[in-house]
Structure formats: structure tokens, C-alpha cells
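Each chain gets a letter, A, B and so on, in the order its sequence line appears, and its residues count up from 1. Owing to the predicted nature of the structure, the values given are computational and were not obtained by experimental measurement.
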2 protein chains.
Amino acid sequence: MGKPHEERKEEIIRKTLELAADKGVTRLTTQAIADRVGIAQSTIFKHFKTRDAILGAAIKWISSQIFSLLEQTSKESSSPRERLHHLINRHLTLVSKHKGLPRLLFSDRLHLESPHLKKAVQQVMSTYMKRVSEIIREGIEEGQFRNDADPEETARCFVALLQGLIVRWSIFDFSFPIEKEGEELWRFLWSSLAPSQEEDRDPL
Amino acid sequence: MGKPHEERKEEIIRKTLELAADKGVTRLTTQAIADRVGIAQSTIFKHFKTRDAILGAAIKWISSQIFSLLEQTSKESSSPRERLHHLINRHLTLVSKHKGLPRLLFSDRLHLESPHLKKAVQQVMSTYMKRVSEIIREGIEEGQFRNDADPEETARCFVALLQGLIVRWSIFDFSFPIEKEGEELWRFLWSSLAPSQEEDRDPL
DNA sequence: ATGAAAGGTGAGTGATTAATCGCTTTCTTT
DNA sequence: AAAGAAAGCGATTAATCACTCACCTTTCAT
């Protein structure tokens with residue numbers, strides 16, 4: 001017999017993300033997934049009820065990865081500045097390890113075909129921005145970031161920088177090392193968040 | 001008889017962009033386009049050889065709009081700071097007027113099905129970043145921007161901020177006024193580009 | 001031993017979709 | 001007026017795709 005249900009399910013999700021990276025969501029057919037897993041196309045439906053259920057499971061997996069990223073960062077005992085820096089690195093490492101992630105998240109098949117999955121993605125983004133804004137607020141209170149920065153506003157820009165970089169990376173077919181550009185992104189962010197010398201001298 | 005060739009062609013491109021905004025690229029079938037234009041599906045092919053040719057023409061139209069945006073900004077006699085600010089506003093106004101733009105540019109059908117169109121998009125992005133870096137370099141030389149900023153690096157972050165904002169706007173179904181968030185984006189950018197007081201005092 | 005359940009297969013089915021084709025109508029040119 | 005081109009139409013075609021179904025094989029609990 002074949003592999004047990006749960007194991008096969010995980011395998012299908014894994015291969016689905018691989019395929020999304022290689023061929024895009026449009027070519028992400030049940031036949032293509034089955035081929036890569038090494039089973040018949042019809043067998044796919046022994047493990048998932050519909051094709052959308054596969055995409056849903058993949059999105060859920062991605063979400064859990066990103067949430068664990070956020071949690072890991074929130075728990076960290078280091079300074080807000082370091083936590084933000086680490087979050088960028090962790091995020092880009094995750095994405096570069098799973099290139100199918102941006103392809104899936106930005107695909108319109110996901111957004112306009114199944115409102116349920118869209119909601120899930122929106123949820124992740126909202127939570128992400130909230131967490132980042134908390135870190136920034138903390139940094140401002142500690143006097144590590146300039147005190148005229150708006151936490152929510154800056155958090156939105158933080159996420160935009162990440163998303164924008166990832167989109168460009170995806171459009172240019174993953175042809176440059178994204179981790180390196182993450183450092184440049186951090187420098188830019190820091191130049192905006194760093195307090196001026198006068199503030200710095202301020203004893204509070 | 002119907003409308004003349006060129007006129008109908010433009011109409012098809014226009015309606016295609018509208019449809020991309022409403023239904024996404026996946027639902028952008030020749031039937032859907034024909035319905036919106038008010039002609040038979042087969043008539044579409046009197047004006048375009050293939051469906052991809054329609055997408056190609058739409059991309060070309062978008063590119064020309066963005067290029068004219070860049071040119072307009074470059075020609076402007078105002079300061080680099082004001083030009084950057086205006087570029088953001090003009091870009092977001094263009095995008096908000098044509099919501100199909102991001103949907104088309106980020107669709108994987110475009111990227112992985114026709115390498116030719118992908119190249120065109122990459123070209124636009126590269127040119128865009130180059131132009132922005134030129135403005136930034138100018139601003140640094142004039143002492144209007146902090147002199148430790150790297151023009152290329154900052155240009156990449158500029159584009160990432162814009163793209164990231166547009167992606168989020170698209171994911172959240174255009175549900176917030178993007179022009180307003182453009183201002184917030186500009187504030188963030190400026191806080192990173194503005195020279196420190198000491199530099200400011202520096203007579204050069 | 002046996003029979004049910006799990007995992008797997010190949011051969012379909014119906015829906016969707018880009019593209020073709022033969023034909024008609026309308027306008028322009030000679 | 002006749003000819004030809006341009007713009008349009010309906011019907012059709014071939015391909016693709018998600019999903020179903022009847023059947024097979026292995027495993028394992030009774």
C-alpha cells in the first residue's frame with residue numbers, strides 16, 4: 001500500500017509549494033502535483049476533497065510558519081531594534097526557502113476565487129502589522145527609536161518594504177540573493193527610525 | 001458595420017484593464033472581454049491574433065503611462081525632494097485610476113506563460129529605479145538629502161515601498177484610499193532622507 | 001482465514017476556453 | 001453598379017482541467 005494519509009497529505013502540500021515556485025499557480029494543476037508526488041492524478045482526491053482544499057492547506061501551512069516567526073521574535077529578550085532586524089532576516093530566510101510562498105500569496109486565483117482564503121491572508125497581514133507596531137512602540141518608549149515616529153504608520157511601511165522587495169525578487173525570477181538586500185532594507189529602515197543626536201542626548 | 005480597427009482595439013484594451021481590476025486575470029477570458037465590449041467572442045480575434053496579444057497590448061499601454069509619468073517628473077523644474085514627492089502622488093493616482101494595473105503586473109500568467117511580457121515588466125522596473133536613483137543623487141549633491149544615503153539602494157527601497165503599498169491595497173481589495181497612505185509613505189521616506197541638523201549647517 | 005478499510009489506478013465526464021471557419025452585412029473604391 | 005475589404009456573427013473544435021467511479025491490492029483486526 002501507499003503512505004499513510006497524514007504523511008501523504010504533508011507531501012502533497014510540500015510539493016505544491018515547490019511547484020508554485022517553479023511553474024506559478026496557473027500551472028499548478030492536480031495533474032502536475034500528482035506527477036511530482038509520484039502518484040496518479042485521481043489519487044490526489046483520496047487525500048483532498050478539492051483542489052482549493054490543497055491551496056487552503058498550503059496557505060494554512062504558510063500562515064503557521066509566519067505566525068511562529070512573529071512569536072519567536074516577540075519572545076526574544078533582545079532590544080526592539082535587534083528584534084526588528086532579526087524579523088527581517090527571519091522573514092527573508094523563510095521566503096527564500098519557500099519561493100512558492102509569494103507566488104501563492106499574490107496569485108489572483110487565491111484572492112478572487114475563494115474569499116475564504118483571501119480572508120486568511122488578510123488576517124495574517126493584519127496580525128503581522130500589529131506585532132511590528134508593538135515592537136516599534138516599545139522602541140520609542142525606550143528611547144531607542146525617534147519619538148516622532150508613528151508606530152502603526154511605520155509598521156505599515158515596514159511591511160510594505162518587505163512585500164515590495166519580495167515582489168521584485170519574484171518578478172526578477174529569484175535571480176538575486178534576497179537576504180543581502182534585506183540588509184540594505186534594514187539600513188534604510190534604521191536611518192528612518194534612529195533618533196537624532198539631540199533626542200539621543202535627552203535623558204528622558 | 002462596427003467601429004474601425006484602431007478604435008475597437010483601444011476599447012478592448014481599456015475594457016481588459018477594467019476587467020482585470022474587477023475579476024482578476026484568471027477570469028479575464030476572451031468571452032468576458034467580448035461581453036463587456038458588447039461584441040461576440042469570435043470578433044475579438046478580428047482585432048487581436050491571440051489572447052496573449054491582448055495582455056501584451058495592455059502591458060504596453062501601462063508601460064507607456066508609467067514612462068510618461070517618469071518623464072514628466074524628470075522634466076519638472078522643482079527640487080529633487082518635491083519631485084520625489086510628486087512621483088509618489090502621480091504613481092498612486094495612476095494606479096488608483098487603473099486598478100487592473102497591479103493585478104496584471106503581478107499575475108503569474110503574465111510572468112510564467114510569456115517570457116516576452118515578463119521582460120517588458122522587468123524593463124519598466126529597472127528604468128524606474130534608475131530614474132529615481134538619479135533624482136536622489138541630485139538631491140544628495142545639492143545637500144537636500146543626507147549625504148550618507150546610497151542612491152541605488154535608496155531607489156530600490158523607494159520602489160519597494162510603492163510596490164508593497166500597492167500589493168497590500170490590492171490584497172485588501174482596494175478598500176482604503178491609497179493616495180492618503182501615499183502621504184504617510186512620503187513622510188517615512190523623508191524621515192530617512194532628510195539630512196541631520198549638523199549636515200544642514202554644513203556649508204559644503 | 002476473512003472481510004473491511006485504506007491507498008492507489010485508469011478510464012471516463014462535463015465544464016470551460018482559446019481559436020477557427022464559413023457566412024453575412026456594411027462601407028469604400030473603382 | 002460591382003468588387004473588395006472590414007467588422008461582425010454563430011457554430012464548432014480541440015485542448016485542458018477538476019472531479020467521479022468502478023475496480024484493484026495490501027494491510028490488519030476480528
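Side-chain contact between A:Ser192 and A:Phe145 is absent, with no heavy-atom pair separated by less than 4.5 Å.
At the phosphate of D:dA6, neither OP1 nor OP2 sits under 4.0 Å from any side-chain N or O atom of B:Arg8. Distances shorter than 4.0 Å separate some side-chain N or O of A:His47 from OP1 or OP2 on C:dG8.
Protein atom CD1 of B:Ile39 is 11 Å distant from nucleotide atom P of D:dA7, rounded to whole Å. Across the protein-nucleic acid pair, B:Phe48 atom CZ and C:dT20 atom P stand 15 Å apart, rounded to whole Å. One interatomic measurement links the two molecules: NZ of A:Lys3 to P of C:dA6, which rounds to 19 Å at whole-angstrom precision.
The side-chain hydrogen bond (donor to acceptor under 3.5 Å, both in side chains) check on A:Ser114 picks up nothing, with sequence neighbours excluded. Scored by the side chain to side chain contact (heavy atoms under 4.5 Å, CB included) test, B:Ser74 finds B:Arg131 as partners (sequence neighbours excluded). In terms of the side chain to side chain contact (heavy atoms under 4.5 Å, CB included) criterion, residue partners of B:Val124 (sequence neighbours excluded) are, by chain and number, B:Ser63, B:Ile66, B:Phe67. Shown here are the side chain to side chain contact (heavy atoms under 4.5 Å, CB included) partners of A:Ile44, two or more places apart in sequence or in another chain: A:Ile12, A:Ile33, A:Ala34, A:Ile39, A:Ile54. Under the side chain to side chain contact (heavy atoms under 4.5 Å, CB included) criterion, A:Lys3 pairs with A:Glu7, A:Arg8, A:Glu11, not counting sequence neighbours. Evaluation of the side-chain hydrogen bond (donor to acceptor under 3.5 Å, both in side chains) rule for A:Lys118 yields B:Asp173 as partners, not counting sequence neighbours. Under the rule for a side-chain hydrogen bond (donor to acceptor under 3.5 Å, both in side chains), the partners of B:Glu183 that lie at least two apart in sequence or sit in another chain are B:His85. Annotation: salt bridge (charged side-chain N to carboxylate O under 4.0 Å, His left out) contacts of A:Arg14 (sequence neighbours excluded): none.
Listed by residue number, there are no residues of residues 10-20 of chain A with a heavy-atom contact under 4.0 Å to DNA chain C.
Applying the salt bridge (charged side-chain N to carboxylate O under 4.0 Å, His left out) test to pairs two or more places apart or on separate chains, those with a residue in residues 17-32 of chain B are A:Glu113-B:Arg27, B:Glu18-B:Arg36, B:Asp22-B:Arg36.
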Taking only N/O atoms, report every protein-nucleotides 23-30 of chain C pair under 3.5 Å with atom names and distance.
unit_1 : atom_1 : unit_2 : atom_2 : d
C:dT26 : O3'    : B:Met1 : N      : 3.0

Pull out every protein N or O sitting under 3.5 Å from an N or O of nucleotides 11-19 of chain C, one pair per line with the distance.
unit_1 : atom_1 : unit_2  : atom_2 : d
C:dA18 : OP1    : B:Arg51 : NE     : 3.1
C:dA18 : OP2    : B:Thr30 : N      : 3.0
C:dA18 : OP2    : B:Thr30 : OG1    : 2.8
C:dA18 : N7     : B:Gln41 : NE2    : 3.4
C:dA19 : OP2    : B:Arg51 : N      : 2.5
C:dA19 : N7     : B:Gln41 : NE2    : 3.0
C:dA19 : N6     : B:Gln41 : OE1    : 2.9

